[in-house]
J.: 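My questions all concern the structure below.
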2 protein chains.
Amino acid sequence: MAATIIEVAKLAGVSPATVSRAFGKPDLLSERTRGAVLAAAERLGYTPNRAAKGLVTGKTGNIGILLPDIVNPFYPPVVKGATDRAAAADLSVFLATTELDPRRELTVAREMAKQVDGLVLCATELRDDEVAELAAQCAVVLVNGEKPQLPSVVVDTGPGMLEAVEHLAELGHSRFDYLSGPATSWSNERRMSFLRRQADRLGLRVEVRGPFSPSYDAGTVAADEVLASGASAVIAFDDQMALGVLSRLHELGIDVPGQVSVIGCDDVLPVGMARPALTTVKAPCARLGRAAVEVLLGGATEVRQQSYQGNLVIRDSTGPAVRRRPRGHAAPRPA
Amino acid sequence: MAATIIEVAKLAGVSPATVSRAFGKPDLLSERTRGAVLAAAERLGYTPNRAAKGLVTGKTGNIGILLPDIVNPFYPPVVKGATDRAAAADLSVFLATTELDPRRELTVAREMAKQVDGLVLCATELRDDEVAELAAQCAVVLVNGEKPQLPSVVVDTGPGMLEAVEHLAELGHSRFDYLSGPATSWSNERRMSFLRRQADRLGLRVEVRGPFSPSYDAGTVAADEVLASGASAVIAFDDQMALGVLSRLHELGIDVPGQVSVIGCDDVLPVGMARPALTTVKAPCARLGRAAVEVLLGGATEVRQQSYQGNLVIRDSTGPAVRRRPRGHAAPRPA
DNA sequence: AACCCGTATGCAAACCTTTTCAATGCTGCC
DNA sequence: GGCAGCATTGAAAAGGTTTGCATACGGGTT
């Protein structure tokens with residue numbers, strides 16, 4: 001169906017090699033020939049077959065993005081950043097999701113590795129040696145992850161989290177809860193240890209609850225734990241959880257920020273619409289994706305880590321501390 | 001780097017053809033040979049090169065999804081549905097976005113068409129003949145669109161919209177505004193004409209405003225128009241717009257649903273968190289993606305349309321009608 | 001006038017796989 | 001015992017492209 005280089009060559013009265021050059025190395029051809037070839041190609045609707053090309057060049061012109069879950073609102077902006085940058089470099093992008101199953105992640109990654117020049121691994125749960133195996137096949141860059149010998153692009157929540165803790169301290173909170181994300185999450189690990197350090201430094205007490213899945217529903221159950229703990233403020237692993245907390249709190253008639261302050265992370269949803277508008281640590285997701293592809297483009301020769309800082313966006317879900325006593329048990333949850 | 005079929009053949013002491021069969025048509029081989037080949041392949045870490053395979057079979061094992069904007073929360077679930085189904089069928093998926101530029105859409109689609117067995121075109125803005133050109137190269141299925149001779153999968157907002165209008169009628173609203181999505185949107189077109197028909201039938205008056213881009217920001221400006229029009233209720237093209245409306249109304253101190261009722265469409269965001277929780281017509285996005293891939297899998301022989309119904313989810317943003325008079329001009333908008 | 005060199009193009013191999021066709025060896029049957 | 005037929009495997013072509021090498025031509029140099 002699709003025209004081949006040979007048909008174009010025939011129509012233009014040249015050899016296939018010439019047609020190839022007209023597209024690949026235009027300056028090797030006389031202007032006249034090139035014009036004729038291009039015209040013929042146009043007429044036949046010809047464009048080079050990437051698979052065939054890849055076969056001889058060893059380059060596929062594709063990159064792959066592997067992420068846990070596209071429905072997690074953190075990722076669409078990352079994907080957007082990546083696809084935009086890839087398109088600009090004339091790369092096609094494969095997308096696959098792991099559905100949070102590490103076994104599946106390896107299978108999918110292996111499959112992809114053979115079809116792409118570069119692989120973007122987001123929040124991977126693969127072991128070091130598994131990633132190394134992939135890296136032997138194609139360029140690999142990690143997003144929100146860290147592996148020996150591999151370049152990575154991460155969001156540095158440090159500054160934003162520091163702001164958040166300081167913000168809470170200023171408001172008079174002496175302790176807060178951190179709602180942990182998935183136990184295997186590198187981001188969560190970093191965030192948690194950073195939070196501990198900073199809380200220590202500022203003389204606050206932090207208690208970690210969880211791990212929870214990064215979801216709205218998990219937030220609603222986490223809310224009960226927070227109430228039981230008696231903390232006057234809570235920082236959630238991501239906005240979805242924070243929104244869930246808000247929802248449950250509202251349901252229980254607990255005033256936010258009057259009785260409890262809530263802080264989210266990422267600022268990816270229109271969280272300004274939450275009740276109340278959510279204070280959150282913004283993450284530069286789109287930049288992450290863009291940067292990851294750029295690393296791939298650069299050949300990923302120098303192993304280095306790029307980090308992009310997030311910052312605190314203060315809205316209405318944080319306020320002055322109020323002394324509360326823990327609730328023995330939460331109100332009944334809806335069926 | 002990667003092992004080829006030839007090296008495996010050598011190691012196993014057989015011909016390349018045999019190795020190929022060991023993977024593709026295992027039952028043609030004696031158990032002994034197959035075992036030897038598989039063992040050799042294992043040792044070399046060999047797996048077939050898809051590009052080379054595609055070159056000869058004409059099948060790539062890939063499908064492509066083309067959509068306007070991955071950051072539009074309508075699409076991630078669609079993509080999820082599609083990738084899940086594709087993975088189950090051992091297909092890899094290309095993802096590309098058009099960024100709402102029809103010229104770009106054609107280029108990208110052409111590029112993709114050569115690398116895939118099937119193409120999922122979401123809310124395409126391509127002309128009939130352009131899509132036909134693509135369909136000549138590979139199977140094509142439309143999501144939320146309609147073209148002659150092509151299968152499509154759509155969300156049928158009819159029932160949900162009918163519920164919405166009836167809901168408004170019951171609440172005593174005698175007129176409402178519809179905030180139109182992009183002028184080129186097939187979904188919008190359908191929704192609008194359906195709304196007009198039903199409003200007519202039920203004796204309501206509907207005024208269409210816009211077109212607006214399907215975004216939060218567009219919603220905030222649309223809100224002013226609604227106020228000026230004096231409508232007591234408004235149905236927005238999607239949830240993002242509806243959220244924008246809510247936000248602007250809140251900013252102006254207009255009570256929802258006390259003074260104005262607001263209905264969204266899609267139910268893709270955690271819109272329950274909006275202030276107030278948004279009444280919306282739910283769309284079964286994930287099913288859309290799944291069904292689209294299934295059509296592709298089925299060979300798309302019979303041209304037919306599958307539609308999935310949405311339904312109204314009543315929350316807190318709709319309430320009894322109140323007579324309002326149009327405001328001459330809106331309050332100043334924030335810088 | 002002979003020679004050299006650069007420019008523009010063609011030839012053919014190579015990339016890796018699948019598949020058609022043919023060859024081999026063996027089974028079972030007459 | 002000979003032959004048909006099957007099961008198993010190999011040889012080779014094909015698929016579309018890029019690229020190293022060779023060729024042809026024209027112009028400038030000595």
Side-chain angles (χ1 to χ4, degrees), chain A residues 1-41 44-62 90 92 111 113-117 137-138, chain B residues 1-38 40-41 44-62 90 92 110-111 113-117 137-138:
Chain A
M1 199 74 237
T4 82
I5 207 173
I6 301 193
E7 312 177 40
V8 176
K10 241 171 228 158
L11 180 58
V14 299
S15 79
T18 303
V19 177
S20 171
R21 285 189 268 251
F23 287 88
K25 330 239 173 191
D27 33 339
L28 285 189
L29 261 40
S30 76
E31 197 174 331
R32 218 165 70 77
T33 339
R34 176 162 22 108
V37 171
L38 260 27
L44 265 44
Y46 167 85
T47 49
N49 176 324
R50 281 203 167 182
K53 174 173 178 171
L55 203 50
V56 31
T57 60
K59 292 282 159 205
T60 62
N62 299 328
D90 199 31
S92 298
E111 186 59 42
K114 286 173 320 211
Q115 314 189 59
V116 302
D117 300 333
Q137 277 187 67
C138 69
Chain B
M1 199 73 234
T4 82
I5 206 173
I6 301 194
E7 311 177 40
V8 177
K10 238 170 233 160
L11 180 57
V14 299
S15 78
T18 302
V19 177
S20 171
R21 283 188 270 253
F23 288 89
K25 331 240 174 193
D27 32 340
L28 286 188
L29 261 40
S30 76
E31 197 173 331
R32 219 167 67 78
T33 336
R34 176 160 24 105
V37 170
L38 260 26
L44 264 45
Y46 167 85
T47 50
N49 175 324
R50 279 203 169 183
K53 174 174 180 172
L55 202 51
V56 33
T57 61
K59 292 282 159 206
T60 61
N62 301 327
D90 199 30
S92 298
R110 275 193 177 134
E111 186 58 42
K114 285 172 321 208
Q115 314 189 60
V116 302
D117 300 333
Q137 278 188 64
C138 69

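Chain letters run A, B, ... following the sequence lines, proteins first and then strands; every chain starts at 1. Remember, predicted model here, so these are calculated numbers, not experimental data.
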J.: Looking at C:dT17, D:dG15, C:dT19, which one has an atom nearest to any side-chain atom of B:Leu55?
T.: D:dG15
J.: Just the rounded figure in Å: distance from P of D:dT9 to CG of B:Leu28.
T.: 10 Å
J.: Look at the side chain of B:Thr57 and decide which nucleotide, out of C:dT18, C:dT17, D:dT17, has an atom nearest to it.
T.: C:dT18
J.: Under 4.0 Å between a side-chain N or O of A:Thr33 and OP1 or OP2 of C:dT9?
T.: yes
J.: Could you state the atom-to-atom distance from CG of B:Asn49 to P of D:dG15 in whole Å?
T.: 18 Å
J.: Would you indicate which nucleotide in C:dT19, D:dG10, D:dT17 comes nearest to any side-chain atom of B:Val14?
T.: D:dG10
J.: Can you confirm whether A:Arg21 sits close enough to A:Thr33 that some side-chain heavy atom of one is under 4.5 Å from a side-chain heavy atom of the other?
T.: no
J.: Just how far, in rounded Å, is P of D:dA7 from CZ of B:Arg34?
T.: 15 Å
J.: For C:dT9 and A:Ser30 - does any side-chain N or O of the residue sit under 4.0 Å from the phosphate oxygens OP1/OP2?
T.: yes
J.: Looking at C:dT17, C:dT9, D:dT17, which one has an atom nearest to any side-chain atom of A:Val56?
T.: D:dT17
J.: Heavy-atom nearest nucleotide on DNA chain D for A:Arg21 versus A:Thr4: which residue maps closer to 5'?
T.: A:Thr4
J.: Is B:Lys25 close enough to C:dT19 that one of its side-chain N or O atoms is under 4.0 Å from OP1 or OP2 there?
T.: yes
J.: Please report the distance, rounded to the nearest Å, between NZ in A:Lys114 and C1' in C:dC15.
T.: 17 Å
J.: Once you apply a heavy-atom cut-off of 4.0 Å, does B:Tyr46 come out as touching a base, just sugar-phosphate, or nothing?
T.: sugar-phosphate
J.: Would you indicate which nucleotide in D:dT19, C:dC16, D:dT18 comes nearest to any side-chain atom of A:Ile5?
T.: D:dT18
J.: Send over the distance from A:Ile6 CD1 to C:dG10 P, rounded to a whole Å.
T.: 14 Å
J.: Return the OG to NZ distance between A:Ser92 and B:Lys114, rounded to the nearest 0.5 Å.
T.: 9.0 Å
J.: To check you understand the geometry: which heavy-atom pair defines the closest contact between A:Leu29 and A:Thr18, and what is its length?
T.: CD2-O, 3.5 Å
J.: Find the distance B:Arg32:CZ to D:dT8:P and express it as a whole number of Å.
T.: 12 Å
J.: Nearest to the side chain of B:Ser15, heavy atoms from C-beta on, is which of C:dG10, D:dG15, D:dA11?
T.: D:dA11
J.: For residues A:Gln137 and A:Ala113, report the shortest heavy-atom separation together with the two atoms involved.
T.: OE1-CB, 4.0 Å
J.: Looking only at side-chain N and O atoms, does A:Thr18 come under 4.0 Å of OP1 or OP2 in C:dG10?
T.: yes
J.: Quick one: B:Leu29 CG to C:dT18 C1', roughly how many Å, whole number?
T.: 14 Å
J.: Between D:dT18, D:dG10, C:dT17, which one does the side chain of B:Lys53 approach most closely?
T.: C:dT17
J.: Below 4.5 Å, heavy atoms only, C-beta onward: do B:Asp117 and B:Lys59 meet side chain to side chain?
T.: yes
J.: I need the CZ-P distance between B:Phe23 and C:dC16, as an integer number of Å.
T.: 15 Å
J.: Going from OG1 on A:Thr60 to CG on A:Leu55, what distance comes out if it is rounded to the nearest 0.5 angstrom?
T.: 12.0 Å
